[in-house]
Amino acid sequence: MQRVDVLIAGGGIIGTALAWALARRRVGEIAVVDVDLAGVYASSELNAGGARATWWQPVNIATCAATLGFFRQHRAEFGFREHGYLWLYDDPALFARAGEKLDLQNSFGLGVTALRPADVAARFPIVDRGLDELVGATFSPRDGLINPNAVRAWYRREAEGLGVRFMNRHYIEGVATRLTNGSANEATQVNHRMVECVDVVEVQPGDPQDDDSVLREILTAHRIPRDRRRGETQIGCGLLVNCLGAWSALLSAKLGIADPTEPLRRQIALCDVRRSDWPANVDVEGLGMIVDTSNVYFHPEGSHFLAGFSIPEEAPGYDFRYDGEAFFEQHVWPRLAHRCSLFERCRHAGGWAGLYDVTPDRSGIAGAVDGFTNLFEAHSFTGRGVMQSYGVAVAMAELIGTGRFGTIDLAPLCRGRFADPTRWVKEDLHI
Ligand SMILES: Cc1cc2nc3c(=O)[nH]c(=O)nc-3n(C[C@H](O)[C@H](O)[C@H](O)COP(=O)(O)OP(=O)(O)OC[C@H]3O[C@@H](n4cnc5c(N)ncnc54)[C@H](O)[C@@H]3O)c2cc1C
């Protein structure tokens, strides 16, 4: 049996960032195991590329502010465009709450300001419709847009340079544990469990067309076609970290742990607005993310606009179908055109669907898993995993390396909070 000191399940942006952060601390031999390191169905490759620290919960602000600071250091390589987030409000109560959060946000140096509708029209002439519906907006100039693929590639390259092994096409099918005595004192003797090894199946590659449908079957039906099982092996580990994103609950279930998370499909459409239609008074290329009152969010992306919308009645599940024109026509275009005349004549140019891993309070889960001596987790970051990746990775590496959180305290994100609703980290600035 192969053996490593640290085994990271999942090579999305979180697992890869953590591998790098741990390798920097020289914690021993580290392996990252993923069925598809290219990430065809990984949320890390299917997101909107938004990066903001403007949240309402301190732990979410802290992790994102640290990550944005890191993005700034690699601005050119990561394609970080610090063009801000404009968040529009039509609900007075919600806008009042946003106002109450400004001091907290600005204590992290974010420079967030509240705008009146007239300021919105003057500063963001792209927003030229429905201004009378607005009660105000916030603008956070230090937020922006990022190339998530470049960030993940950086974490991976640096991790590999420090000796981390990335095992592609390896699917984690099972996990073996044993009981251990957690306390020397018999009166208070507590039985803990210890992860011994994971059972891994190596998946045989095929031609690209066929390969995509095999991957989809594995990541939606959670089974490997018999003719693709190249070999089975066990990897022993000193400790295991669950970074499987929207698939984390499946590994947790194999360990007898019930996760409160759900995978939820989220769709993104690309809109074609002819350059000749760009208004002369709008610096389109200088725009960051705009979040409309209708919850559609959009930003310029190359020669297109990228627009995302979360259908409220979406049922949970591992679903990667993109609804195409129907999604664009029904959900995206009417909202865009209602707010900006620029979109009156835009065309649907494509799109995709990916998974959010959603918790009941819309904040992620991170820390050591109670009842185990060597099990950790960092997952379920809802729509925030890219912008939290550095902060979460550094904090988790500190916890694993030293036994406690240091620079950023992720204790509020422990799974134990779900037993007591007063400890939930309810994040309402969620889209
Ligand atoms: C439409 C959309 C828009 C988003 N917009 C943003 C945004 O603007 N900004 C932002 O910060 N975040 C955004 N997010 C969220 C962000 O993309 C995720 O939070 C983040 O990518 C999660 O990273 P991860 O590493 O936890 O999971 P993933 O990237 O999903 O990685 C999990 C990995 O686990 C692997 N895997 C699964 N099961 C197994 C198994 N049994 N064995 C081996 N490997 C396995 C998968 O192949 C995958 O590579 C968005 C997400 C979506 C879907």
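What you see is a predicted model, and the numbers here were worked out from it, not measured in a lab. Both counts, for ligands and for their atoms, begin at 1 and track the order of listing. All residue numbers in this chain count up from 1 along the given sequence.
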### Task
For this output row, return yes or no: ring centroids of F298 and F343 closer than 6.0 angstrom.
yes

### Query
What pairs with H83 under ring pair (Phe, Tyr, Trp, His ring centres under 6.0 Å), at least two apart in sequence or on another chain?
none

### Query
Does the pair E329/R347 count as a salt bridge with the N-to-O cut at 4.0 Å?
no

#### Entry: Heavy-atom pair with the smallest gap, counting every atom of R193 and L255
NH2-O, 2.5 Å

### Heavy-atom closest contact (A114 atom, F95 atom, distance)
CB-CZ, 4.3 Å

#### Entry: S140 side-chain N/O to G84 backbone N/O, donor-acceptor pair under 3.5 Å
no

### Query
Around ligand 1, what residues show up once you keep those with a heavy atom under 4.0 Å from it?
G10, G12, I13, I14, D34, V35, D36, A42, S43, S44, L46, N47, A48, G49, G50, H170, Y171, I172, L219, L244, G245, W247, R266, I268, Y297, G354, L355, Y356, T382, G383, R384, G385, V386, M387

